[in-house]
Amino acid sequence: MSTKSNPLNNTSKNSLITPAITRFAPSPTGYIHIGNVRSAIYPYLIAKQTNGRFILRIEDTDQARFVDGATDLIISTLKWLGLDWDEGVEVGGNFGPYIQSERKEHYLRWAKKLLDEGKAYADPTTSDQINTYREEAVKNKVPYLYRNYRPENPPEWHEGMPIRFKTTPKSYSWHDEVMGDMHTGPEVLDDIILIKADGLPTYNFAHIIDDMEMNITHVIRGVEYLTSTPNYLALYEALNIPVPKLVSLPHILGPTGGKKLSKRDGAKSVIDYKNDGILPEAMLNYLACLGWNDGTEQEIFSKSELIEKFSIDRIQNSGARFDETKLLWQNGQWIRKIAAEEGIENLYRRTLDFWPETTANSTDNYQIQVLSIIYDRLKTLSDLRTMTAYFFSEPTIDISQITSSKFLKKFTTKQLQDFLNTTITSLEKITDWSADNIQNSLNALLAETELKPAELFTLIRISVSFASFSPALHLTLEVLGKDTSINRLKRVSEQLS
C-alpha cells in the first residue's frame, strides 16, 4: 500500500453542515479499553456537532470470543462518559435490530444477491485443504491468496456452507479523511468470506451491510483496518452502494511511544480508571485530545466545548502516546473545576464511594468540611482514602516521623516536647475555634518559640496527622476540632517524654 500524499485532510466544519450519521460498533469480547473509547468519542462529537445521529451497534458475530456481560459493560461505560446515543441498543430506532447476531437474515439476503449475480460463491473447501494451500504458498515463497485456489465449479450453496466473495483483482485509490490519498494494487484483493459456516457474517461483510442500511455517513475506526479497505471498496462496488467517508484513527501508543498501547504496558479498562477515581469529564477530555487538538494551547475542554470545536482535519495522522501522568493532571484540574463551578456539595456527591471505611460514623457535613480543605490536592477521588484517614480515626503515633524530619532532627526530644506543650497552652486559650483565630495563635507561637514556620508547623502537622500530607495547618486544626487537635498533641508530647 502506498500513499500519494499524507497531509492532514482539508475537511472543515463547513463540510459537516449536513447532519452526520455515525456509529460506535464494538465487539463484546471483554472490557472496553482506551482505544475503543476514543473510537466512540470522535463519531459522537461529529454527530452532535452537525445535529446528526450517533448509533450504538454491537458486533457479536465472532461467537468464539463472546464474553458474557461485555455488552452491559460497553453500555455502562458510554453512559458514564456521557456519550448518549440517539439510536441503537437499548434505545431502538428505525433500522434495528442493532445486535449483529439478530440480523442474520439481512446479511444472508445480500449475500444471496451476490451469489445470484455471480459475484460470490459457495465454498466447499475444508480447513485442512486451506492449510495445505497456505503451506504450498509458503513453500513457493509467494503470498497466500485464496483466489488463486478458487474452485472452478463451486457447488450450489446450502445452509452450513461458507459464502465467499468473488473478487476482481484491480487497483484502488481512495481518500482517507485522516491519512490522506491512498492507493493499492491488485495484489491485496482476495476472496474474503462473507457468511461463515455457522450462518453468521464476518466483520468484513456485516459492517458494510449495517452501515448501508443504517445510512452511516462516516466510518471512524482504528488505522489497523486501513489494509483491509481495498477489499471493502471491492464489496461497495459489487453491491453498488456509495462509500461513506473513511476516517482512520492512528494507534494510541504505549508510554514509551514505540508501540501500540497494550495490557502489557499496564493499560487498564475504562471502568478500572473509573474505579480508581477518574472523573468522566476528565477521561472524555483526555481521550478526545489524545491525537487531536484545536490549534490552541487550551487543554481543559468540557463536552460542549469539544462538540463545538472538534474537526476531523485536526486529528493527527501519527500515533499519540498515552500519558497517565497527563490524565491524572487533567483529572485534578477537573476536580477543582467542578468544585468551583458546581460547588463543593456537588463534588462531594461524586466522592461517596472513595472515602475511608472509618467515615461510617461521620456526618455528611463533616466530610464536606474535610473535602473543602483537601480537594485542591487530589489527583483522583480515590486519594481521599489515604489523604483523609486521620480526620476519621486516631493515627498511629510514629515518633520517628518527627525525629527524622529534616526540619526537626536538630532538636532534642525534650525541646520538641517543650514546643508541643507551649503550643497546647496557646491553643487551649482559643475560645472561638476558627481558622482565623487558630492562624493568629500559630503566628504568635512563632514569635514565642523563635521557630521557623517550617519547623513549628511541621511538628504540629505530623503530631495531629502522622500523614505525608495535610492541607493548610490552620484549616486542618479547624476541621479536626479543638478537643481532637489538643488531645493528639498531648498524646505525642507524652510519647516524647
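For the numbers below, each heavy atom of this structure counts, side chains included, while hydrogens, waters and symmetry mates do not.
Within the 3.5 Å criterion, the main-chain N or O of Glu281 finds no donor-acceptor partner in the side chain of Asn285. Between the side chain of Gln129 and the backbone N or O of Thr132 there is no donor-acceptor pair closer than 3.5 Å. In terms of modelled atom types and a separation under 3.5 Å, the side chain of Asn231 and the main chain of Asp190 share a donor-acceptor contact. The backbone N or O of Thr29 lies less than 3.5 Å from no partner atom in the side chain of Ser27, so there is not a single donor-acceptor pair.
For the residue pair Gln63 / Asp198, no side-chain donor-acceptor distance below 3.5 Å is found, with atom types taken as modelled. Defined by atom type and a distance below 3.5 Å, a donor-acceptor pair is present between the side-chain atoms of Glu213 and Trp110. At a cut-off of 3.5 Å, with distance as the only test, no side-chain donor of Trp80 or Ser76 sits close to an acceptor on the other residue. Judged by distance alone, the side chains of Gln298 and Lys309 do bring a donor and an acceptor atom under 3.5 Å apart.
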**OP:** Apply the test ring-ring contact (aromatic ring centres under 6.0 Å, His included) to residues Phe301 and Tyr286: give CA-CA distance (whole Å), side-chain angles for both, the deciding distance (0.1 Å), then the verdict.
**Re:** CA-CA 9 Å; Phe301 292 87; Tyr286 179 73; over 10 Å; no
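Looking at residues two or more places apart in sequence or on another chain, you find no side chain to side chain donor-acceptor pair (under 3.5 Å) involving Thr71. Remark: Phe469 engages no residue in a ring pair (Phe, Tyr, Trp, His ring centres under 6.0 Å) (not counting sequence neighbours). Residues satisfying the side chain to side chain donor-acceptor pair (under 3.5 Å) test with His207, not counting sequence neighbours, are Arg221. Residues forming a side chain to side chain donor-acceptor pair (under 3.5 Å) with Glu102 (at least two apart in sequence, or on another chain): none. By the side chain to side chain donor-acceptor pair (under 3.5 Å) test, Asn331 is found to be paired with no residue, residues two or more places apart in sequence or in another chain being considered. Annotation: side chain to side chain contact (heavy atoms under 4.5 Å, CB included) contacts of Arg150 (sequence neighbours excluded): Tyr121, Arg147, Lys166, Thr167, Asp191.
Annotation: side chain of Lys119 is not in contact with side chain of Glu237 (no heavy-atom distance under 4.5 Å).
Taking each heavy atom of Ser248 and Val223 in turn, the nearest pair found is CB-CA, 4.1 Å.
By the 6.0 Å and 45° rule, Arg385 does not stack over the aromatic ring of Phe354.
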